[in-house]
Undergrad: 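The structure that follows is given in the form of structure tokens.
Not measured: the values here are computed from a predicted model. Values below: all heavy atoms of this structure, side chains included; hydrogens, waters and symmetry mates excluded. Start at 1 with the first residue, then count along the sequence.
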Amino acid sequence: MSFQDVRTNTPTVDGSAISALLDPSQSAEDRLSAAKTLNLALTTRYRVIAQPSSTTTATAGLSTVVATVAGAVRATILLSTDAASAPRAGIGIAASPADLVRSWSSALTALRLTSDHEPVLYGDDLGSLLLLAEISPAGAPENCDLQSLGVVIRETPRILPMLDTLAASDSLRAAAASLGFHHSTVQSRAEELNGKLGFDVRTSRGRTRLSVALALYRLETTRFD
């Protein structure tokens with residue numbers, strides 16, 4: 001990501017200090033200096049909230065816009081105990097100012113994994129899914145599940161809500177209830193998807209593969225420009 005083009009939503013806040021604080025390429029000393037510039041208490045825990053820069057109801061706090069691999073994203077620093085109200089956001093793990101770079105990384109990954117099904121995600125809840133963001137863009141498309149999923153979505157763009165529901169449900173009957181469809185309709189669609197995806201979305205392993213493929217797809221395609 002780039003920390004070159006930043007804008008702060010508070011005139012008195014030094015956007016460059018926020019950028020330095022969240023930039024992993026900066027030294028620990030430089031990040032500590034930035035925290036002091038921003039008057040952050042070094043023993044207090046904060047969270048970074050990542051939101052699309054176009055969000056009109058941006059969360060209040062120390063904030064700046066960062067150019068990332070997913071486009072322009074607003075990074076906002078809040079006390080870890082403060083509530084973050086946002087229509088779409090990734091909420092980073094709690095950390096001291098010296099470690100807010102990790103909170104920012106988890107917030108950005110969480111934002112990239114959001115969807116209409118889950119518009120707000122917490123980094124704390126993602127666990128090993130946070131590691132998916134470390135997969136190189138060049139390597140991820142070689143994943144056969146991701147390739148198959150991409151074909152399905154290109155053929156039927158409106159299928160994403162159904163895929164999200166199938167991945168999150170314990171059974172086809174539960175998925176049908178969530179979607180408001182008859183069970184036989186979802187059963188028929190699942191059988192069709194099995195052939196296209198190359199695995200059975202009705203099984204626990206198949207739903208796991210679908211969940212991971214959806215996460216990879218969003219990390220590869222989600223943009224906030």
Side-chain angles (χ1 to χ4, degrees), residues 1-3 5-134 168 211 215 218-219 222 224:
M1 68 191 71
S2 167
F3 287 82
D5 179 20
V6 296
R7 302 188 301 279
T8 172
N9 66 348
T10 307
T12 58
V13 171
D14 184 351
S16 62
I18 300 174
S19 297
L21 182 64
L22 304 182
D23 189 346
S25 69
Q26 296 289 318
S27 67
E29 291 76 12
D30 287 340
R31 291 201 298 272
L32 181 61
S33 175
K36 291 178 179 178
T37 298
L38 296 167
N39 295 316
L40 298 180
L42 301 184
T43 58
T44 299
R45 290 164 69 82
Y46 300 85
R47 293 182 189 271
V48 181
I49 315 300
Q51 297 175 263
S53 63
S54 59
T55 301
T56 56
T57 55
T59 301
L62 298 175
S63 177
T64 195
V65 172
V66 179
T68 76
V69 293
V73 173
R74 180 169 292 282
T76 303
I77 301 171
L78 297 178
L79 285 169
S80 63
T81 54
D82 285 351
S85 177
R88 186 168 188 179
I91 300 176
I93 60 176
S96 66
D99 212 20
L100 277 179
V101 66
R102 290 180 59 245
S103 182
W104 162 240
S105 176
S106 67
L108 179 59
T109 298
L111 176 64
R112 294 169 67 192
L113 291 174
T114 58
S115 64
D116 292 341
H117 184 70
E118 291 183 299
V120 177
L121 286 175
Y122 283 76
D124 307 78
D125 297 332
L126 295 179
S128 58
L129 285 177
L130 292 174
L131 298 176
L132 291 179
E134 298 180 11
S211 295
R218 289 194 163 98
L219 289 172
T222 301
F224 300 104

Undergrad: Would the distance check show the side chain of Ser96 and the main-chain N or O of Arg45 forming a donor-acceptor pair, the cut-off being under 3.5 Å?
TA: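 Such a contact is absent between Ser96 side chain and Arg45 backbone.
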Undergrad: Looking at every non-hydrogen atom in both residues, tell me the closest pair between Arg47 and Gly92 and how far apart they are.
TA: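 Between these two residues, the closest heavy atoms are NH1-O, 2.9 Å.
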Undergrad: Please round to the nearest 0.5 Å and tell me the distance separating atom CG of Leu40 and atom CG of Leu38.
TA: 5.0 Å
Undergrad: Kindly indicate, with the supporting measurements, whether the criterion side-chain contact (heavy atoms from CB on, under 4.5 Å) is fulfilled by Tyr46 and Asp82.
TA: CA-CA 9 Å; Tyr46 300 85; Asp82 285 351; over 6 Å; no
Undergrad: Test side chain to side chain donor-acceptor pair (under 3.5 Å) on Ser53 and Arg74 and set out the steps.
TA: CA-CA 5 Å; Ser53 63; Arg74 180 169 292 282; over 6 Å; no
Undergrad: Cut-off 3.5 Å, no hydrogens considered: what does the side-chain donor-acceptor table look like for residues 110-122, sequence neighbours left out?
TA:
{"from": "Arg112", "atom 1": "NH2", "to": "Leu219", "atom 2": "O", "distance (Å)": "2.7"}
{"from": "Thr114", "atom 1": "OG1", "to": "Arg88", "atom 2": "NE", "distance (Å)": "2.7"}
{"from": "Thr114", "atom 1": "OG1", "to": "Arg88", "atom 2": "NH2", "distance (Å)": "3.1"}
{"from": "Thr114", "atom 1": "OG1", "to": "Leu111", "atom 2": "O", "distance (Å)": "2.6"}
{"from": "Ser115", "atom 1": "OG", "to": "His117", "atom 2": "N", "distance (Å)": "3.2"}
{"from": "Ser115", "atom 1": "OG", "to": "Glu118", "atom 2": "N", "distance (Å)": "3.1"}

Undergrad: Is it true that a side-chain atom of Arg31 and a backbone atom of Ala20 form a donor plus acceptor pair closer than 3.5 Å?
TA: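 No.
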Undergrad: Looking only at atom types and distance, does a side-chain atom of Thr109 sit under 3.5 Å from a main-chain N or O of Ser106, one as donor and one as acceptor?
TA: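 No.
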Undergrad: Yes or no on side-chain contact (heavy atoms from CB on, under 4.5 Å) for Leu21 and Asp30, after CA distance, side-chain angles and deciding distance?
TA: CA-CA 8 Å; Leu21 182 64; Asp30 287 340; over 6 Å; no
Undergrad: Looking at Ser19 and Gly15, would you say the former's side chain and the latter's main chain have a donor-acceptor pair under 3.5 Å?
TA: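 Side chain of Ser19 to backbone of Gly15, a donor-acceptor pair under 3.5 Å: yes, one is there.
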Undergrad: To check you understand the geometry: which heavy-atom pair defines the closest contact between Ile93 and Gly123, and what is its length?
TA: CG2-C, 4.0 Å
Undergrad: Please report the closest heavy-atom contact between Ala215 and Leu132, naming both atoms and the distance.
TA: CB-CD1, 3.6 Å
Undergrad: Whether the side chain of Ser105 engages the backbone of Val101 through a donor-acceptor N/O pair (distance < 3.5 Å, no angle test) should be reported.
TA: no
Undergrad: With Ser63, which of Thr76, Leu78, Ile77 fulfils side chain to side chain contact (heavy atoms under 4.5 Å, CB included)?
TA: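 The passing option is Thr76.
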Undergrad: How far apart are the C-alpha atoms of Thr68 and Trp104, what are their side-chain angles, what is the distance that settles it, and do they pass the side-chain contact (heavy atoms from CB on, under 4.5 Å) test?
TA: CA-CA 11 Å; Thr68 76; Trp104 162 240; 3.9 Å; yes
